[in-house]
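Structure, as structure tokens:
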Amino acid sequence: MSENVVHLHKATDPPTADTAPTVLTVMPDAPPARPVPLWVRSGRVVKSAVTHETTRATVRAAARHGLYTFNGGRIVARRAWDGRTGSRYERMIRAAEAAGNLEAAEEWEERLQRFRAARHHRRMDLLHSPVDAAKGVAVGAGMSIGALVALGVVMAISTGHVGDVITPLSATVDFIALLIRIVQVVWGPALSIGPFLALLALWSVGRKQHAAPAWALPANVRNTEGEPITPSIVVKALRDLGVPALARAIKEMGDAGASMLGPIRIAGCGVEVDVTLPSGVATNEVQAKRRKLAENLTRHEHEVFITIPQAARTVRLWVADSGALDEPIGPSPLVTDDTMTADYTKGKAPWGQDLRGDAAALSLYQRHLLITGLSNQGKTVALRSLALWLSLDKSVQFLMGDLKGAGDWAMFDGLATTLIQGPTDEHVIQVTEMVEGAVGEMNRRLQAPPGTVFPPLIVLVDEAQVAFMCPAKGTGKDKRPYGGAKADSRYFMAVRKIHNQGRAVNVLMWQGTQDPTNENLPKLVREGAHTRASLALGTESQARMALGDKAVDGGAAPNLLRPGLDRGTLVVASDGISIPAGQSSITVRTHYIDDDAAEAITDRAKALRDGVTTLHAIDRSAEHDPLADIAAVIGDAPRVRTKDVLARLAARNADAYGGWSFLDLKRVLDDAGAEPYKSDGVMVVSRDRVARALANRDTDGSASAD
């Protein structure tokens with residue numbers, strides 16, 4: 001192998017005899033590139049030409065216009081065949097039979113018989129028409145000649161020239177000769193141009209019907225997103241769904257596949273249509289292909305909802321206007337109407353709008369509530385908006401535990417009797433004892449005389465999965481765990497007790513939780529809620545846990561909501577909200593109420609009340625001072641009703657006061673000299689009397705612990 005030797009010298013020192021040049025050995029140069037064969041270069045040129053946009057556009061245009069003409073001929077031939085034969089009626093009969101509508105099939109069969117009878121009559125008439133036509137021509141010609149001769153006689157008498165007798169007849173002959181000459185001149189070009197005019201007519205028919213593949217159509221035609229939903233579009237979407245039995249049935253129906261469809265009704269920001277499926281096609285086969293159906297309808301998956309109405313073998317399609325669900329809804333009436341109040345018994349909370357754009361309002365009367373969904377989807381805001389509305393009923397009491405502790409419920413300070421905020425095990429313990437205190441209040445109410453009316457008590461726990469998964473256990477003799485889903489779990493059992501009996505005495509459990517599973521949301525707790533709502537979830541199994549099998553089998557699909565994009569949109573299964581007949585759930589887009597607006601609403605709610613002292617922690621120590629605790633729960637209010645004092649004491653320390661009755665409270669106050677008294681017809685406890693009793697007791701050194 002030969003080497004190339006290069007001599008290198010410094011730029012400043014010219015080479016001399018004494019200085020040896022620096023030698024750099026260089027690998028041999030690569031052999032010169034061989035010329036690319038002509039056929040290779042030609043292939044590259046062809047490939048570049050094929051991939052060029054102008055070339056592709058030219059190919060699409062040529063294919064499009066050629067198929068317009070060819071398919072236009074097919075359309076015209078099909079129309080002509082339908083007009084001359086009974087194929088149209090036969091398709092209608094098959095469609096009616098496939099839909100199971102025998103009455104319609106019989107009606108179309110009668111029409112087919114009438115059509116065939118009329119066609120037979122016309123054909124029989126054709127047998128006699130040549131003779132009749134010849135007789136008619138002879139009579140007409142004779143009468144015409146006679147009329148022309150008569151006109152010539154009149155002209156001859158008038159002018160005195162005998163030759164005028166044949167003038168009208170000769171003029172008619174000249175006119176006929178002129179027409180013949182015109183036809184002779186035009187006939188040749190007409191024969192040449194006629195086929196082109198026929199092809200142009202076929203092309204026009206094909207172009208109007210867009211009779212070409214989608215890839216060959218112009219861009220403005222291919223982009224059909226947002227096009228109106230018509231019967232033909234729905235039928236084509238169902239035909240191309242990939243369900244063989246459905247495709248075969250529609251093919252047999254031909255264009256009459258629209259007979260499967262009910263009327264297309266405008267429903268809010270979309271349209272709604274009922275589809276009666278042909279025999280052999282199950283509703284779940286269509287439900288399972290929601291995405292493909294949406295794409296066939298030129299919509300996104302979240303813009304098509306499939307539900308099951310009462311009618312057998314029927315699916316109800318709701319198709320949104322393109323992009324309509326991405327538009328925000330208006331503000332909540334709680335924000336826009338400063339005079340709004342609430343009525344727990346008869347009113348409904350303004351929660352948002354359904355997909356049809358109608359107001360969605362939820363009744364909260366004696367209904368336990370569960371809202372679930374993935375993190376950061378609007379669960380707390382949806383739950384809080386219900387509590388904000390209910391706070392405008394001054395008779396409603398709140399016990400609140402926020403196990404996230406981010407301040408989402410801080411505006412209820414001074415409105416809720418108890419407000420515990422924080423994510424730690426200590427906060428779970430306090431929330432558990434708050435719920436146990438509510439159980440004690442429930443038991444007291446259940447033992448009250450029949451006919452006693454109790455104010456609603458809402459026990460609300462946000463991020464309840466933290467409580468169910470808490471590993472903490474009791475100390476001392478009570479080693480029961482606070483979390484878990486077993487019979488020894490304190491939080492689980494307290495919630496179950498309220499679910500079982502709280503509704504009868506207006507003690508209600510509201511919970512919000514993330515990502516429902518059997519570990520963080522036990523089955524018995526899920527099924528104990530009367531109103532179940534879910535935002536976006538990850539899987540169908542989670543949707544079944546959140547809403548139940550009945551709702552999911554009926555079309556509820558929170559797992560198909562888009563996380564992040566459908567924030568605030570939830571699926572509700574409840575008898576407290578208006579749901580269309582035959583459906584088991586409804587999709588609601590909730591109003592967004594930010595923290596500032598929520599603060600303004602709670603300020604209005606506080607103005608309706610005499611003043612509430614909110615407890616932020618529960619005293620769980622074994623030692624307790626009843627009189628001091630009574631003073632603590634009264635707070636700054638001048639007087640508090642005795643039943644409210646009992647409820648606050650039970651929330652403060654369930655072990656000590658959960659079983660207290662009015663007699664127990666009266667005994668402590670009477671002994672201290674702070675007896676309860678009547679005010680406006682109800683028994684109340686005076687803040688000043690209790691404070692004076694405490695001051696006197698401390699002065700006398702008589703403080704004691706019960």
Pair Trp409-Leu460, side-chain contact (heavy atoms from CB on, under 4.5 Å): steps then yes or no: CA-CA 11 Å; Trp409 298 89; Leu460 189 152; 3.7 Å; yes
From CA spacing to verdict: salt bridge (Lys or Arg N to Asp or Glu O under 4.0 Å), Lys404, Asp408: CA-CA 9 Å; Lys404 180 165 56 178; Asp408 293 331; 3.0 Å; yes
CA sep, side-chain torsions, deciding dist, call: Glu295, Arg299, salt bridge (Lys or Arg N to Asp or Glu O under 4.0 Å): CA-CA 5 Å; Glu295 292 174 351; Arg299 296 294 191 273; over 6 Å; no
Verdict with reasoning, Leu386 to Trp351, per side-chain contact (heavy atoms from CB on, under 4.5 Å): CA-CA 7 Å; Leu386 298 176; Trp351 211 6; 3.7 Å; yes
Arg111 vs Phe115, side-chain contact (heavy atoms from CB on, under 4.5 Å): CA-CA, chis, key distance, verdict: CA-CA 6 Å; Arg111 294 185 181 183; Phe115 169 79; over 6 Å; no
Residue pair Asn559, Thr539: steps toward the side-chain contact (heavy atoms from CB on, under 4.5 Å) verdict: CA-CA 5 Å; Asn559 53 299; Thr539 64; 5.6 Å; no
From CA spacing to verdict: salt bridge (Lys or Arg N to Asp or Glu O under 4.0 Å), Lys379, Glu463: CA-CA 9 Å; Lys379 169 178 53 61; Glu463 306 295 342; 3.1 Å; yes
Stepwise side-chain hydrogen bond (donor to acceptor under 3.5 Å, both in side chains) test for Gln542 and Asp515: CA-CA 7 Å; Gln542 291 177 334; Asp515 192 18; 2.3 Å; yes
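No more than 12 heavy-atom neighbours from other residues, nucleotides or ligands sit within 6.0 angstrom of CD1 on Ile266. The environment of CZ in Arg265 is crowded: more than 12 heavy-atom neighbours from other residues, nucleotides or ligands sit within 6.0 Å. Within 6.0 Å of CZ in Arg119 there are more than 12 heavy atoms belonging to other residues, nucleotides or ligands.
Going from atom OG of Ser332 over to atom CD1 of Ile593 covers 4.0 Å, rounded to the nearest 0.5 Å. The line from CD1 of Ile233 to OG1 of Thr298 is 6.5 Å long, rounded to the nearest 0.5 Å.
Side-chain atoms of Thr314 and Asp274 form no donor-acceptor pair, as typed in the model, at a separation below 3.5 Å.
Contact between Val435 and Ala494 at its shortest, heavy atoms only, is CG1-CB, 3.5 Å. Between Ala342 and Trp389 the shortest heavy-atom distance is CB-O, 2.9 Å. Closest of all the heavy-atom pairs between Thr517 and Asn520 is N-OD1, 2.9 Å. The nearest pair of heavy atoms linking Glu303 to Asp321 is OE2-O, 4.0 Å. The two atoms that bring Tyr344 and Val396 nearest to each other are CB-CG2, 4.2 Å, heavy atoms only. Between Met493 and Ala487, the shortest heavy-atom contact is CG-O, 3.1 Å.
For the pair Arg290 and Phe305, the cation sits on the ring face: its NZ or CZ lies under 6.0 Å from the ring centre, inside 45° of the axis.
Checking side-chain atoms of Thr85 against main-chain N and O of Trp81 turns up a donor-acceptor pair under 3.5 Å.
In summary, Arg544 and Asp553 engage in a salt bridge, as defined by a charged side-chain N under 4.0 Å from a carboxylate O.
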Sequence neighbours left out, cut at 3.5 Å: what donor-acceptor pairs do the side chains of residues 359-371 make with other protein atoms?
from	atom 1	to	atom 2	distance (Å)
Ser363	OG	Arg367	NH1	2.9
Gln366	NE2	Arg503	O	3.4
Gln366	NE2	Asn506	OD1	3.3
Arg367	NE	Asp575	OD1	2.9
Arg367	NH1	Tyr365	O	3.2
His368	ND1	Met509	N	3.0
His368	NE2	Ile498	O	3.3

